[in-house]
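What follows is a single structure, written as structure tokens, with notes after it.
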Protein chains: 2
Amino acid sequence: MIGQVGKRVTAADVARSLGISRATVGFVLNNTPGQTISERTRQRVLAEAERLGYRPHRAAQDLRRGSSKVILMVIPDWRMEYRLRWHLEEAALAVDEAGYSLAIYARQIAGRARPLWELLAPDVVLGLWPFDDEEVASMRACGVTRIHPDPEHPGSLDDASIITAGPALQVDHLHGLGHRRLAFAASADPRTSPLQEARVRAAERAAAQLGLDPLDVRTVDYLGDSATDAVRRWHAADVTGVVAYNDEVAATVVGAAIRAGLAVPGDLAVIGHDDTPLAAMFLPSISSVDFDAVSVGRHFAALALHTIDGRPLPSEDFEGNARVVARESTVGGR
Amino acid sequence: MIGQVGKRVTAADVARSLGISRATVGFVLNNTPGQTISERTRQRVLAEAERLGYRPHRAAQDLRRGSSKVILMVIPDWRMEYRLRWHLEEAALAVDEAGYSLAIYARQIAGRARPLWELLAPDVVLGLWPFDDEEVASMRACGVTRIHPDPEHPGSLDDASIITAGPALQVDHLHGLGHRRLAFAASADPRTSPLQEARVRAAERAAAQLGLDPLDVRTVDYLGDSATDAVRRWHAADVTGVVAYNDEVAATVVGAAIRAGLAVPGDLAVIGHDDTPLAAMFLPSISSVDFDAVSVGRHFAALALHTIDGRPLPSEDFEGNARVVARESTVGGR
DNA sequence: AAGTCTAGCTTGCACGTGCAAGCGACCGGA
DNA sequence: TCCGGTCGCTTGCACGTGCAAGCTAGACTT
């Protein structure tokens, strides 16, 4: 066995060591309002707690409080959720300020292990899109009362600017470069479907607004021939610009195009989404859409806090300061 | 089950609803040994608990038990820890069987949010390599008594076959293709350094065993000119084979080589590590090293359980059934 | 001198659980 | 008839915390 089973220091130990009562210790350490504690006692308590290395027992706090002060954020198990990581770091900080903790959990689609909410018993579970009935039931059973998006009133991803801004920028970028027949390359990864569908619709709306033909949507997988097929069909149909669901899909399309003998961007221009390292690294490098991590993170935190205590819901107009990063896959120049 | 929102169902509710005592309910639900409960009562309790949707309150259990039954596994915040995810899913299952839960936490190197162990109060914290003093102090302060690797006796990554098997395979693969002057492409990402250093040493040992010259180790970043520089130097020094720390680094090297006018694998053969989708997707596709998720996962679980209750430590000879996946970046054929 | 007020504490309870100890009813043996 | 033993359950406590309510000594008022 590794490690020493050290005895835990409790508030009672601190009190006993000072010869005072446990409640006094509690009042000092919690700054309980409405209590009058002499400055001398206060300092002695603080010093002794520090000296003994006292840390409140989380389970006891949770039990007493009836709340775990944990916000669980569930994210999809994307292969490359590069940007999201940074967004979430910012969200964790913002939530910290409100006295909560943000735990982040990437669920596996075929996950056979227990979901993290059964382990954490969080106050809030936050998802990027609605949970299915089974998940909701499992959360409810574990005492989770606050869930976002609200299972009763799911709302639509199509109304969130933070979802729709990226695809709109992608379409605008290609249109601005003179492309008039566009396609959408979708991921075969089932984990992304709700978000992906919202992005497809957003791209289609943007195309319609510019007077373009409806997008030719095709699913592409990095294994197998689906990408090669898609590229051939697109080329045959005079498509010259492809909006990809994300950078990984964009890379797959670019790879298939080049293997099929097409020039990128000469015959086919491709733009990804999320600005992952892959986009910068690929050959040719891939244009993408970047978001501002800080503002997106604060947006998530605002969502969580709204769900907890009804603080104002963040604006649906928030678009995360999205911007296009133009690279070789659309503007050439290698 | 009654899906009530709000009020939590306790064991006392189940007991009250049946007109029996709380202890009886507890004995039934925990299968407490040494208790005699009539079959009729047992069934009534189980049925009523199910009907009311009873779930034990984790905080209360933890408080009573004095242990959270959580194993926290800390992994580095790699950008593409693709394979690791699957390994960990297997580990979670194996640990489940022992009555524990496995939480996985990807720490951010610049992470300003609280580490997950402060939130979870786990029984064990498990890392892939030794924690630094500050982290150990923080864990100890939160009541974590068991840490692996043991801060007192850290041990060396160099002795673990699961670390060294991959680099050895990479070197062997290139050697088998006739390459005699090899280099190592290291990642500029500081998060990977301990593992990276172990991999470098393992590759160097493998090279030495084959009678090759010492490896020319260079750090490569997908941003900036470091990759281009490295490729030029290597080519000038007649290096023909590059062992990359992982697939991402391999892609960066391949990209730089091709942009510099070198043929891959004609002028420079490159092999990655981890067999991520990126390796299959890249242009040209990248050879890599794959591991068996199930056995690696069980290895992690065995480590955790050893740390908890002294079960036999898994063998250091375990190499995770590593194998080379040969692709265009070493064997050509496009 | 007697009463009032308040600063500065202490006592005590509840949170939900697991389990030790206790307790009455019944049953079998003497 | 009595008595020990087992079955099947209940009472009660401890875990560590946050906080409501109470309590005491001294200061201050009348």
Side-chain angles (χ1 to χ4, degrees), chain A residues 5-46 48-49 52-70 99 118 121 123 141-143 145, chain B residues 6-46 48-49 52-70 99 121 123 141-143 145:
Chain A
V5 185
K7 273 235 342 219
R8 180 167 201 116
V9 178
T10 73
D13 294 330
V14 176
R16 200 175 310 118
S17 160
L18 290 174
I20 61 176
S21 80
R22 246 220 4 76
T24 306
V25 173
F27 292 145
V28 169
L29 295 178
N30 296 308
N31 274 317
T32 312
Q35 295 292 335
T36 53
I37 310 281
S38 68
E39 193 53 29
R40 187 182 122 80
T41 304
R42 174 179 299 275
Q43 292 307 327
R44 287 177 64 216
V45 168
L46 291 174
E48 192 66 7
L52 296 178
Y54 168 73
R55 289 288 179 113
H57 193 303
R58 268 203 68 89
Q61 284 185 311
D62 290 354
L63 177 60
R64 165 66 223 220
R65 205 194 290 130
S67 139
S68 61
K69 287 261 163 186
V70 166
E118 301 200 355
D123 287 344
C142 297
T145 54
Chain B
K7 278 247 325 226
R8 168 158 213 127
V9 179
T10 74
D13 293 331
V14 176
R16 200 175 310 120
S17 160
L18 290 173
I20 61 176
S21 80
R22 244 217 10 73
T24 306
V25 173
F27 292 144
V28 170
L29 295 178
N30 297 309
N31 275 319
T32 312
Q35 295 292 334
T36 52
I37 309 282
S38 69
E39 192 53 31
R40 187 182 121 80
T41 304
R42 173 178 299 276
Q43 291 307 328
R44 286 176 64 215
V45 167
L46 291 173
E48 191 66 7
L52 296 177
Y54 167 73
R55 290 288 180 112
H57 193 302
R58 270 205 64 93
Q61 282 185 312
D62 291 354
L63 177 59
R64 165 66 223 220
R65 206 195 290 131
S67 139
S68 63
K69 287 260 164 185
V70 167
D123 286 345
C142 298
T145 53

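First the proteins, then the strands, lettered A, B, ... as listed; each starts at 1. Treat the numbers as computed from the prediction; the structure is a model and nothing was measured.
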Spacing of CD1 belonging to A/Ile37 relative to CD belonging to A/Gln43, to within rounding of 0.5 Å: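 Going from CD1 on A/Ile37 over to CD on A/Gln43, the span is 12.5 Å.
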Rounded distance [0.5 Å steps], CZ in A/Arg58 versus OG in B/Ser68: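 That separation rounds to 11.0 Å.
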Sugar-phosphate only, base, or nothing, as touched by A/Thr10 at under 4.0 Å among non-hydrogen atoms: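 Counting heavy atoms under 4.0 Å across all strands, the contact made by A/Thr10 is with sugar-phosphate only.
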Do [X] and [Y] have side chains that approach each other closer than 4.5 Å (heavy atoms only, starting at C-beta)?
{"X": "B/Leu63", "Y": "A/Arg64", "result": "no"}
{"X": "A/Glu118", "Y": "B/Arg55", "result": "yes"}
{"X": "B/Arg40", "Y": "B/Val45", "result": "no"}

Distance-only donor-acceptor pairs under 3.5 Å for side chains of residues 10-29 of chain B, two or more places apart:
unit_1  : atom_1 : unit_2  : atom_2 : d
B/Thr10 : OG1    : B/Ala12 : N      : 3.1
B/Thr10 : OG1    : B/Asp13 : N      : 3.3
B/Asp13 : OD1    : B/Arg16 : NH1    : 3.0
B/Asp13 : OD2    : B/Thr10 : N      : 2.9
B/Ser17 : OG     : B/Glu48 : OE2    : 2.3
B/Ser21 : OG     : B/Thr24 : N      : 3.4
B/Ser21 : OG     : B/Thr24 : OG1    : 3.1

Name all residues meeting the side-chain hydrogen bond (donor to acceptor under 3.5 Å, both in side chains) criterion together with B/Ser38; count only those two or more places apart in sequence or in a different chain, and write none if there are none.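 Here the qualifying residues are B/Thr41.
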Under the side-chain hydrogen bond (donor to acceptor under 3.5 Å, both in side chains) test, residues paired with B/Gln35 that sit two or more places apart: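 None.
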A/Asp123 side chain to A/Ser67 backbone, donor-acceptor under 3.5 Å: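 Not at all, since once roles are kept as given, no pair shorter than 3.5 Å links the two residues.
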Can you give me the first and the last nucleotide of DNA chain C (5' to 3') that has an atom within less than 4.0 angstrom of a non-hydrogen atom in chain A?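 Contact boundaries, 5' end first: C/dA7 to C/dG16.
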Please encode protein proximity along nucleotides 22-29 of chain D as a string of B, S and -, counting only heavy-atom distances under 4.0 Å. --------
Give the angle between the helix axes at the two ends of the helix from C/dA1-D/dT30 to C/dA30-D/dT1, taking five base pairs at each end and rounding to 10°.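 The value is 70°.
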In this structure, how many angstroms lie between the C1' atom of D/dT10 and the CG atom of B/Leu18, rounded?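 Going from B/Leu18 (CG) to D/dT10 (C1'), I get 15 Å.
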Which residues, if any, of residues 22-31 of chain B bring a heavy atom under 4.0 Å of DNA chain C?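 DNA chain C contact set from residues 22-31 of chain B: B/Arg22, B/Ala23, B/Phe27, B/Asn30.
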Can you list, in residue-number order, the parts of residues 59-66 of chain B that come under 4.0 Å of DNA chain C, counting heavy atoms only?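 Only B/Ala60, B/Gln61, B/Arg64 qualify.
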Excluding sequence neighbours, so at least two apart, what forms salt bridge (Lys or Arg N to Asp or Glu O under 4.0 Å) with B/Arg65?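 Here the qualifying residues are B/Asp62.
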Closest-nucleotide 5' rank along DNA chain D - winner of A/Tyr54 and B/Ser21: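 Checking each residue's closest nucleotide, the 5'-ward one belongs to B/Ser21.
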